[in-house]
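Reviewing the structure listed below.
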Number of protein chains: 2
Amino acid sequence: MNKIKIVIVDDHLLFSQSLSFLINSFKEFAVCGNYNNGKDFLTGLKAMDELPDLVLLDVNMPVMDGVETMRRLKEDYQGLRVLALSVNDDEDTIIKMISNGASGYLLKDTHPNMFREALLKVHETGYFYTEMVSGVLINKLEAGNKASLKERELEFIRLACTEMTYREIADEMCLSPKTVDGYRENLFQKLEIKTRIGLVLYAMKNKIVCV
Amino acid sequence: MNKIKIVIVDDHLLFSQSLSFLINSFKEFAVCGNYNNGKDFLTGLKAMDELPDLVLLDVNMPVMDGVETMRRLKEDYQGLRVLALSVNDDEDTIIKMISNGASGYLLKDTHPNMFREALLKVHETGYFYTEMVSGVLINKLEAGNKASLKERELEFIRLACTEMTYREIADEMCLSPKTVDGYRENLFQKLEIKTRIGLVLYAMKNKIVCV
DNA sequence: GTGAAAAAGGGGAAAATTCCCCTTGTAATA
DNA sequence: TATTACAAGGGGAATTTTCCCCTTTTTCAC
């Protein structure tokens with residue numbers, strides 16, 4: 001029987017090389033390629049005679065990360081089966097990967113047995129959703145767009161996370177200080193906070209700005 | 001010839017199992033144990049007839065992380081050779097691991113060949129310092145205690161990163177509001193910032209408070 | 001087309017923050 | 001012993017932030 005061909009895309013060489021050993025020890029699978037990041041992978045993909053049956057895609061990578069890579073794959077390789085692989089269970093990231101077409105999302109602390117099952121399941125049915133993924137999806141559904149912020153509000157928040165005064169922020173946004181006042185009060189109410197400090201903390205927590 | 005015995009401590013099963021394959025493929029080495037976190041490892045260590053020659057210790061783990069594990073090892077297993085293994089090159093973490101006795105600090109994106117050399121070097125000489133590690137050490141030396149913050153100042157910063165007013169912070173710290181004023185101005189000057197927002201950003205960046 | 005939101009702008013005032021310059025006590029230390 | 005360092009505290013004032021209540025304009029669904 002022909003083995004199921006797997007490509008690994010991960011910048012952690014130690015991990016990807018090691019994982020190759022593990023996968024090759026499963027009788028159904030064979031690793032047929034390793035790439036350091038999404039860009040290398042996409043380039044390699046174009047040059048392939050035959051597409052891999054399954055792609056293991058790391059989420060956090062330099063140059064081109066997993067999310068961006070999925071977005072590209074959705075364009076030109078819509079049927080390709082991709083299993084996202086990551087150390088972090090960040091809700092946003094999971095949503096992004098799944099909604100961009102990933103067939104599943106595994107944490108790197110998955111047990112090798114479970115991992116093997118996931119590979120088989122994805123290959124046979126086209127998906128493998130752990131409880132974590134389902135949980136996140138349900139959560140997302142419930143949350144809906146509870147706190148959907150508009151682009152202009154996000155811009156304001158980003159500026160509020162600097163040492164600028166509101167007057168300076170108004171200049172920067174080409175608004176009157178009073179309008180900026182409005183943005184602030186609006187957000188304070190919407191986000192249930194009382195001070196600019198609270199706004200900064202909110203922005204950090206929700207990754208509107210990064211540390 | 002007897003193989004060099006290696007123990008892996010890492011909560012990412014997929015990684016640790018895979019890494020075992022890689023290591024076992026090197027003729028000089030053999031993996032003789034896998035543990036999920038520092039606590040399990042320490043427990044296992046006590047029960048061992050013979051100590052491993054080398055320990056690969058992940059830094060980010062649940063229950064007991066790499067730093068804490070090193071601290072314990074320093075007490076009872078001072079001679080044990082430990083190579084720290086991590087995805088992050090956070091300066092503080094590197095310093096903590098090395099100063100607690102780690103023989104080296106490797107990133108998980110190390111090339112397998114380099115990895116093998118590191119294993120050999122640590123086993124033979126007891127250390128393996130990459131450029132990254134040396135760089136961090138030198139940096140630390142230069143920085144000295146440039147911005148050494150006192151315990152009371154840290155407490156103030158933590159409270160400043162909430163929606164409390166300075167008056168409330170003063171109450172919390174059992175100080176007069178004016179004294180708290182002093183703390184603030186002192187810090188503003190020392191950290192070259194102008195507003196409380198700046199203080200919050202500083203605290204985040206330097207992990208005095210977390211998101 | 002009309003009515004209801006949403007965006008933009010504003011007046012005025014209370015509260016909080018920031019700034020500058022000053023005193024006192026205490027502890028370390030040269 | 002004199003010096004230095006620093007923690008704690010303070011007066012007074014300028015700015016900034018926060019709050020509440022209001023108008024005009026634009027946008028968008030019905």
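Not measured: the values here are computed from a predicted model. Every chain is numbered from 1 and lettered A, B, ... according to where its sequence line falls, protein lines coming before strand lines.
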Please tell me if the side chains of [X] and [Y] come closer than 4.5 Å, counting only heavy atoms from C-beta onward.
{"X": "A:Thr130", "Y": "A:Phe128", "value": "yes"}
{"X": "A:Ile8", "Y": "A:Phe15", "value": "no"}
{"X": "A:Tyr129", "Y": "A:Ile98", "value": "yes"}

To the nearest 10°, let me know how far the axis at one end of the helix from C:dG1-D:dC30 to C:dA30-D:dT1 is tilted from the axis at the other, five pairs an end.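 For the helix from C:dG1-D:dC30 to C:dA30-D:dT1, the axes at opposite ends meet at about 40°.
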For A:Lys108 and B:Val87, run side chain to side chain contact (heavy atoms under 4.5 Å, CB included): C-alpha distance rounded to whole Å, both residues' side-chain angles, the deciding distance at 0.1 Å, then the answer. CA-CA 12 Å; A:Lys108 286 189 177 173; B:Val87 286; over 6 Å; no
Toward the 5' end of DNA chain D, by each residue's nearest nucleotide, B:Leu175 or B:Asp181: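 Result: B:Leu175.
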Once you round it to whole Å, what is the distance between [atom2] of [N] and [atom1] of [X]?
{"X": "A:Ile193", "N": "D:dT18", "atom1": "CD1", "atom2": "C1'", "value": "12 Å"}
{"X": "B:Glu155", "N": "D:dA7", "atom1": "CD", "atom2": "P", "value": "14 Å"}
{"X": "A:Lys178", "N": "D:dT17", "atom1": "NZ", "atom2": "C1'", "value": "11 Å"}
{"X": "B:Ile197", "N": "D:dT18", "atom1": "CD1", "atom2": "C1'", "value": "13 Å"}
{"X": "B:Gln189", "N": "D:dA5", "atom1": "CD", "atom2": "C1'", "value": "15 Å"}
{"X": "B:Glu163", "N": "D:dT17", "atom1": "CD", "atom2": "P", "value": "15 Å"}
{"X": "A:Arg184", "N": "D:dT18", "atom1": "CZ", "atom2": "C1'", "value": "5 Å"}
{"X": "B:Leu154", "N": "D:dA7", "atom1": "CG", "atom2": "P", "value": "12 Å"}

Ignoring backbone atoms, test whether A:Tyr166 places a side-chain nitrogen or oxygen under 4.0 Å from the OP1 or OP2 oxygen of D:dT18. yes
Might you confirm whether atom [atom1] of [X] has over 12 heavy atoms from other residues, nucleotides or ligands at distances under 6.0 Å?
{"X": "B:Lys121", "atom1": "NZ", "value": "yes"}
{"X": "A:Arg167", "atom1": "CZ", "value": "no"}
{"X": "A:Met114", "atom1": "CE", "value": "no"}

Please find the earliest and latest nucleotides of DNA chain C, in the 5' to 3' direction, that have an atom within less than 4.0 Å of any heavy atom of chain A. C:dA7 to C:dG12
Over all strands shown, is A:Thr179 touching base, sugar-phosphate only, or nothing at heavy-atom distances under 4.0 angstrom? base
Which part of the nucleic acid, if any, lies within reach of B:Arg196 when heavy atoms closer than 4.0 Å are counted: base, sugar-phosphate only, or nothing? sugar-phosphate
Evaluate the salt bridge (charged side-chain N to carboxylate O under 4.0 Å, His left out) criterion for residues B:Arg152 and B:Glu155: first the C-alpha distance (whole Å), next the side-chain angles of each, then the deciding distance (0.1 Å), finally the verdict. CA-CA 5 Å; B:Arg152 203 72 171 146; B:Glu155 191 182 343; 3.2 Å; yes
Do the side chains of A:Arg71 and A:Glu75 get close enough for a salt bridge, i.e. N-O under 4.0 angstrom?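 So A:Arg71 does not pair with A:Glu75 through a salt bridge.
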